[in-house]
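So the structure is just underneath, and the comments pick up after that.
A quick note: this is a predicted structure, and the numbers were derived from the prediction, not measured. Excluded from the calculations below are hydrogen atoms, water molecules and symmetry mates; all remaining heavy atoms, backbone and side chain alike, are included.
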Amino acid sequence: MNTRHLRRIAVTASAAAILPLALTACSSDSDTSASGADKAASSAPAKETESASTMDEPFGPGCASVPADGAGSFAGMAQDPVATAASNNKDLSTLVAAVKQAGLVDTLNSAENITVFAPTNDAFAKIPKADLDKLLADKAQLTKVLTAHVVGEKLTPKQLEKGSFDTLAKTGLTTAGSGESYTVNDSSEVVCGNVPTANATVYIVDTVLMPAS
């Protein structure tokens, strides 16, 4: 057997020994890369889902008084148009009485994709009784006040961060804040926000928004 033949055998044997090692290394690198990619792919959607879920839910300290079930619960209110939904929330009974007094029940229930900033009973209680009685007796002024709480589109919390909107009363409405803390017209705070009804999004506020005369 000549020298050239022996050298060829040695080279072939070396290649045969090295090839499995190279394939093993490539396979290990590929597995590690794939594993890392899988982990990244599985974790990213979870964060996005969590963030989207949080933004979709009602928020604020006033939400604690909403019952867990029944017509007045968040799930129950989501099934009814806004005026009907509000009538099932005990904290909005003064607002509901005012809406009925102004003859706006059908108007609000039949509207599509609106936002209502709904004052609580305590918000109406801040108005001196004589002034509130006068307002309730003046249908035209009452209608103006109530429709000044309604915007003709559904607003998300993100839109409230630095917002300026036209109301159904043809008045301006401004919002500011972030997270779970928002103010409306620099005078009223959202105590329970992003509440869904069948045709509206409701932000329950602690002060009645009085439009300029």
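For the atom pair CG of L95 and NZ of K100, the computed distance is 11.0 Å after rounding to the nearest 0.5 Å. Rounded to the nearest 0.5 Å, atoms OG1 (T94) and CG (N121) are 3.5 Å apart. If you take CG on N194 and OH on Y182, they are separated by 9.0 Å, rounding to the nearest 0.5 Å. Rounded to the nearest 0.5 angstrom, S188 OG and M210 CE are separated by 12.0 Å. From S65, atom OG reaches atom CD1 of I204 across 7.0 Å, with rounding to the nearest 0.5 Å. A distance of 9.5 Å separates CG in L135 from CD in Q101, rounded to the nearest 0.5 Å.
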Please list, one pair per line, the donor and acceptor atoms closer than 3.5 Å that link side chains of residues 170-177 to other protein atoms, with sequence neighbours excluded.
{"unit_1": "T171", "atom_1": "OG1", "unit_2": "T167", "atom_2": "OG1", "d": "2.7"}
{"unit_1": "T175", "atom_1": "OG1", "unit_2": "L160", "atom_2": "O", "d": "3.0"}
{"unit_1": "T175", "atom_1": "OG1", "unit_2": "G163", "atom_2": "N", "d": "3.4"}

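V195 and V99 fall within a single hydrophobic cluster, where Ile, Leu, Val, Met, Phe, Trp and Tyr are joined by side-chain heavy atoms under 4.5 Å apart, directly or via other members. Under the 4.5 Å side-chain contact rule for hydrophobic residues, V105 and V96 do not share a cluster. Put simply, V82 and F74 are part of the same group of oily side chains (I, L, V, M, F, W, Y) that touch within less than 4.5 Å, one to the next. Under a hydrophobic-cluster definition in which Ile, Leu, Val, Met, Phe, Trp and Tyr are linked whenever side-chain heavy atoms come within less than 4.5 Å, directly or via other members, L155 and V190 are assigned to the same cluster. By the criterion of side-chain heavy atoms lying less than 4.5 angstrom apart, applied directly or through intervening Ile, Leu, Val, Met, Phe, Trp or Tyr residues, V205 is not grouped with F124; the two fall into different hydrophobic clusters.
Checking each of V150, L168, L146 against L104 for a side-chain contact (heavy atoms from CB on, under 4.5 Å) leaves exactly one that passes, namely L146.
Side-chain contact between I127 and V208: present, with at least one pair of heavy atoms (C-beta onward) separated by less than 4.5 Å. Looking only at side-chain heavy atoms (C-beta outward), D166 and V151 stay at 4.5 Å or farther from each other. Residues T183 and E189 form a side-chain contact, since some pair of their non-hydrogen atoms from C-beta on lies under 4.5 Å apart. Between V184 and L209, the closest side-chain pair of non-hydrogen atoms falls below 4.5 Å. Within the 4.5 Å cutoff, the side chain of P157 has heavy atoms near those of the Y203 side chain.
At least one donor-acceptor pair under 3.5 Å links the side chain of T197 to the backbone N or O of A200. N113 places no side-chain N or O within 3.5 Å of a backbone atom of T201 that could act as its donor or acceptor partner. The closest donor-acceptor contact from the side chain of H149 to the backbone of P119 lies at 3.5 Å or more, if one exists at all. For N89 (side chain) and D91 (main-chain N/O), a donor-acceptor pair under 3.5 Å exists by modelled atom type.
Residue-environment remark: NZ (K154) exceeds the threshold of 12 foreign heavy atoms within 6.0 Å. Surrounding CD of Q159 are more than 12 heavy atoms belonging to other residues, nucleotides or ligands, all under 6.0 Å away. Residue-environment remark: CG (D69) stays at or below the threshold of 12 foreign heavy atoms within 6.0 Å. Within a 6.0 Å radius of NZ in K126, other residues, nucleotides and ligands contribute more than 12 heavy atoms.
Taking a cutoff of 4.0 Å between a charged side-chain nitrogen and a carboxylate oxygen, D133 and K129 qualify as a salt bridge.
Between F117 and F165, the distance separating the two ring centers is not shorter than 6.0 angstrom.
Considering all non-hydrogen atoms of both residues, I114 and G152 come closest at CG2-CA, 4.2 Å. In this structure, A118 and V202 approach most closely via the heavy-atom pair CB-CG1, 3.9 Å. Heavy atoms only, all atoms of each residue included: T147 and A169 are closest at OG1-CB, 3.2 Å. P67 and S73 make their closest contact through O-CB, 3.1 Å (heavy atoms, listed as atom of the first residue, atom of the second, distance). In this structure, A102 and T143 approach most closely via the heavy-atom pair CB-OG1, 3.7 Å. What you find for A198 and P81 is that their closest heavy atoms are CB-N, 3.8 Å.
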### side-chain contact (heavy atoms from CB on, under 4.5 Å) between T84 and N109, worked out
CA-CA 7 Å; T84 302; N109 276 348; 3.1 Å; yes
